[in-house]
Amino acid sequence: MQISKEDLEMIRKSGESLFLNELKSFYLLGDTNEYDSFDPSKLDLKTAGDFDKYKYACCSYAGFKIDEDEERAFQIWLELADAGQVEAMLESSVFFFKNNDNEEGFKMLQKCANAGNQIAQFRIALCYMFGFGTAQNQEKAMKIFEKLSISNYPNAVYMLGSFYYNGDDKIIARDQNKGWELIKKACKLGSPFAEYEVAIQLCAHKEDHSFTPDVIALLEKSANGGDLRALYLLSLAYAKGEGVEIDLEKSMNYLAQSYEGEFPLAIDLMDKLRKSIRD
């Protein structure tokens with residue numbers, strides 16, 4: 001696939017939506033088996049423990065085993081957050097951001113971050129970096145990324161590497177070699193942002209800018225981690241058969257996920273596809 005400098009610049013400029021999407025991403029217990037034997041339909045919320053209430057709210061939000069009710073889920077999370085439950089604080093902050101109440105989202109994230117939650121601490125740094133719900137302060141953002149990087153929080157290592165690689169000398173002395181080493185480290189740690197960045201660099205350094213299997217593998221890892229840019233590029237790759245067999249179902253699935261995350265280029269492409277169908 002020929003990726004021009006103009007294409008890459010458009011994707012780079014669309015990158016801010018990637019980080020806003022991170023703030024709108026629910027945790028929902030992650031990839032645990034907490035729900036295997038959990039039946040929310042039989043739970044008595046009046047007598048249930050706080051963690052079972054939290055799981056009930058997750059099921060209610062996702063429509064898993066019970067009817068979907070996002071507002072009900074939010075009210076339960078908010079009650080649990082007020083009682084000091086960290087997981088519920090994180091989910092409540094997401095609900096605020098999804099409903100464009102960024103200031104309340106930031107306040108809830110602060111409570112969660114102060115309780116020691118690293119996801120919340122990373123998201124607080126994003127808020128400072130882009131001015132989501134608070135005044136923009138990249139110096140504060142970088143200090144948080146530095147602190148989280150000590151414990152090898154993957155996305156924080158990536159963001160710190162990006163500061164060194166692309167950064168403003170007023171915030172941190174630019175050092176592209178150090179920055180790139182941190183980005184590669186973040187890739188090995190499993191940061192979807194870094195996996196995307198390394199994939200693009202691999203592609204850019206090939207003479208024909210082709211999507212080879214190693215590039216596709218990194219993009220798919222990144223997409224599985226929720227990177228909207230990787231989802232968008234994979235939708236193109238599967239539509240055109242670049243580095244993979246043509247698979248229009250996969251292409252549309254990747255495009256839909258990038259679109260749902262409000263990635264601007266995915267929105268533009270989806271709108272064009274809809275218009276072509278109508279016409």
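Residue indices begin at 1 and follow the sequence shown.
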Can you spot which of Phe96, Tyr61, Phe26 makes a ring-ring contact (aromatic ring centres under 6.0 Å, His included) with Phe74?
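One option only clears the test, and that one is Phe96.
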With Phe19, which of Phe122, Phe193, Phe132 fulfils ring-ring contact (aromatic ring centres under 6.0 Å, His included)?
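That would be Phe193.
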Tell me whether [X] at atom [atom1] has more than 12 heavy atoms from other residues, nucleotides or ligands lying less than 6.0 Å away.
| X | atom1 | value |
| --- | --- | --- |
| Asp67 | CG | no |
| Lys55 | NZ | yes |
| Glu103 | CD | no |

Answer whether the closest heavy-atom distance between the side chains of [X] and [Y] falls below 4.5 Å.
| X | Y | answer |
| --- | --- | --- |
| Leu269 | Leu236 | yes |
| Leu90 | Arg123 | yes |
| Met129 | Gln136 | no |
| Cys58 | Tyr35 | yes |
| Arg274 | Asp271 | yes |
| Lys275 | Lys272 | no |
| Val94 | Leu23 | no |
| Met89 | Trp77 | no |

Is it the case that the side chain of [X] and the backbone of [Y] share a donor-acceptor pair, with hydrogens and angles ignored and the cut-off at 3.5 Å?
| X | Y | value |
| --- | --- | --- |
| Asn114 | Gln110 | yes |
| Asn117 | Ile119 | yes |
| Arg174 | Asn166 | no |
| Ser151 | Leu148 | yes |
| Ser222 | Pro192 | yes |
| Thr134 | Gly131 | no |
| Ser149 | Phe145 | yes |

So which atom in [X] and which in [Y] form the shortest heavy-atom distance, rounded to 0.1 Å?
| X | Y | value |
| --- | --- | --- |
| Gly243 | Ile216 | O-CG1, 4.0 Å |
| Asp52 | Phe38 | O-CZ, 3.6 Å |
| Leu189 | Val157 | CD1-CG2, 4.0 Å |
| Cys127 | Phe97 | SG-CZ, 3.8 Å |
| Cys187 | Ala194 | N-CB, 3.4 Å |
| Ala223 | Tyr254 | CB-CE2, 4.2 Å |

Regarding [X] and [Y], do their side chains bring together a donor and an acceptor under 3.5 Å, going by distance alone?
| X | Y | value |
| --- | --- | --- |
| Ser60 | Glu68 | no |
| Tyr238 | Glu245 | no |
| Glu79 | Gln75 | no |

In this structure, would Val86 and Phe51 fall into the same cluster of hydrophobic residues linked by side-chain contacts under 4.5 Å?
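The answer is no; the residues belong to distinct hydrophobic clusters.
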Joint hydrophobic cluster, Leu219 plus Ile246, side-chain heavy atoms closer than 4.5 Å
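No; Ile246 is not reachable from Leu219 via cluster members.
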Within this structure, what is the [atom1]-[atom2] distance for the pair [X] and [Y], rounded to the nearest 0.5 Å?
| X | Y | atom1 | atom2 | result |
| --- | --- | --- | --- | --- |
| Leu248 | Ser235 | CG | OG | 11.0 Å |
| Phe263 | Leu231 | CZ | CG | 9.5 Å |
| Ile76 | Gln85 | CD1 | CD | 11.0 Å |
| Asn137 | Met142 | CG | CE | 10.5 Å |
| Glu260 | Asn21 | CD | CG | 10.0 Å |
| Ile124 | Leu109 | CD1 | CG | 4.5 Å |

Assess the residue pair Met252 and Leu273 against the criterion (side-chain contact (heavy atoms from CB on, under 4.5 Å)); give the C-alpha distance rounded to whole Å, side-chain angles, the decisive distance to 0.1 Å, and a yes or no.
CA-CA 10 Å; Met252 286 306 299; Leu273 290 173; 4.1 Å; yes
Ion pair present between [X] and [Y], side-chain N to carboxylate O less than 4.0 angstrom?
| X | Y | result |
| --- | --- | --- |
| Asp227 | Arg229 | yes |
| Lys143 | Glu146 | no |
| Lys24 | Glu262 | yes |
| Glu181 | Lys178 | no |

From CA spacing to verdict: side-chain contact (heavy atoms from CB on, under 4.5 Å), Asn177, Tyr164:
CA-CA 8 Å; Asn177 289 332; Tyr164 277 110; over 6 Å; no
Taking the six-membered ring for Trp, are the ring centroids of Tyr158 and Tyr165 within less than 6.0 Å of each other?
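No, ring centres 6.0 Å or more apart.
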Give the C-alpha distance, both sets of side-chain angles, the deciding distance and a yes or no for side-chain contact (heavy atoms from CB on, under 4.5 Å) between Lys250 and Val244.
CA-CA 11 Å; Lys250 272 191 175 183; Val244 292; over 6 Å; no
Going through the distances and angles, do Glu71 and Phe95 end up as a side-chain contact (heavy atoms from CB on, under 4.5 Å)?
CA-CA 9 Å; Glu71 187 61 35; Phe95 203 89; 4.0 Å; yes
Run the side-chain hydrogen bond (donor to acceptor under 3.5 Å, both in side chains) check on Gln121 and Tyr153 step by step: do they pass?
CA-CA 10 Å; Gln121 290 167 0; Tyr153 189 85; over 6 Å; no
